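Contents: one structure, followed by commentary.
Residue numbers count from 1 along this sequence. What you are looking at is a predicted structure, and each value in this text was computed from that prediction instead of being measured.
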Amino acid sequence: SVMEDLTLSREEKLALHLEDEIPGSGLYCQQCGACLSACRESLPLPALMRSFMYAYGHRNYGAAYDLLQELDLPASPCADCGLCTVRCVQGFDVAARVREIVRLKDLPADLFA
């Protein structure tokens, strides 16, 4: 029965330090996929949010970089969208996080070795 609903309550997230006092400022994406249909570029948003968590939550830039290299991303994701239509159920600013994390993909691989 535990596996039927993996959604954490706010209290559970705070107890696990998965978010701080500012709503939507946590790093843990639940990988629910609710954001996918709203993305005009059909970006792999849950994977990008996971990469963001690797980099800024775990400080594992190598894992973030490796995941970005596996994704089939356009040269400048989000560049042609203007106003982003994606709304995260957890309140994350998805467009800002995508712009931040994709900067890693063009760096030399030897920086992460």
Side-chain angles (χ1 to χ4, degrees):
S1 68
V2 172
M3 296 302 288
E4 290 177 13
D5 183 10
L6 299 178
T7 305
L8 299 175
S9 71
R10 177 164 172 73
E11 292 77 24
E12 291 168 325
K13 290 177 187 177
L14 288 171
L16 294 170
H17 305 286
L18 297 176
E19 67 177 45
D20 51 29
E21 294 303 314
I22 303 169
S25 64
L27 292 168
Y28 176 70
C29 170
Q30 292 183 348
Q31 305 288 296
C32 69
C35 57
L36 291 170
S37 64
C39 181
R40 293 182 283 217
E41 294 293 319
S42 300
L43 296 175
L45 297 173
L48 288 166
M49 295 301 98
R50 192 168 67 250
S51 181
F52 187 92
M53 180 195 62
Y54 291 158
Y56 299 105
H58 301 291
R59 302 288 187 233
N60 187 341
Y61 296 100
Y65 178 83
D66 290 344
L67 178 54
L68 289 169
Q69 298 310 309
E70 294 173 12
L71 302 175
D72 184 25
L73 297 173
S76 297
C78 302
D80 297 329
C81 287
L83 182 62
C84 184
T85 57
V86 174
R87 299 292 169 258
C88 174
V89 296
Q90 289 184 247
F92 295 151
D93 183 345
V94 174
R97 290 182 179 202
V98 168
R99 284 190 303 271
E100 179 69 24
I101 197 60
V102 298
R103 298 181 315 147
L104 290 181
K105 76 179 182 71
D106 294 326
L107 295 175
D110 59 347
L111 287 176
F112 306 100

Just how far is it from atom OH of Y65 to atom CG of L111, taken to the nearest 0.5 Å? 8.0 Å
Any side-chain heavy atom of C29 within less than 4.5 Å of one from M53? no
Who pairs with Y56 by side chain to side chain donor-acceptor pair (under 3.5 Å), at least two apart in sequence or on another chain? E100
Name the one of C78, P77, P74, S76 that satisfies side chain to side chain contact (heavy atoms under 4.5 Å, CB included) with V102? P77
Strictly distance-based, threshold 3.5 Å: is any side-chain N or O of Q31 a donor or acceptor partner for the main-chain N or O of P46? yes
Calculate, to the nearest 0.5 Å, the distance between atoms CZ and CG belonging to F112 and L68 respectively. 8.5 Å
Atom CG of L43 and atom SG of C81: how far apart are they, to the nearest 0.5 Å? 7.0 Å
Return the CG to CD distance between D106 and Q69, rounded to the nearest 0.5 Å. 8.0 Å
Test your reading of the model: is there a side-chain donor-acceptor pair from R97 to the backbone of M49, 3.5 Å cut-off? no
Determine whether L71 and L107 fall in the same hydrophobic cluster, where Ile, Leu, Val, Met, Phe, Trp and Tyr are linked whenever their side-chain heavy atoms lie under 4.5 Å apart. yes
Rounded to the nearest 0.5 Å, how far does SG of C88 lie from CD of Q30? 8.5 Å
Please give me the minimum heavy-atom distance between L48 and L73, naming the atom from each residue. CD2-CD1, 4.0 Å
From E70 atom CD to S51 atom OG, the distance as rounded to the nearest 0.5 Å: 10.0 Å
Does one hydrophobic cluster hold both V89 and F52, with members joined at side-chain heavy-atom distances below 4.5 Å? no
Run the numbers on V98 and V86 for side chain to side chain contact (heavy atoms under 4.5 Å, CB included), then give the verdict. CA-CA 11 Å; V98 168; V86 174; over 6 Å; no
Side-chain contact test, heavy atoms from C-beta onward, threshold under 4.5 Å: evaluate it for D72 versus P44 and give yes or no. no
Pairwise salt bridge (Lys or Arg N to Asp or Glu O under 4.0 Å) hits with a residue in residues 44-66, at least two apart: none
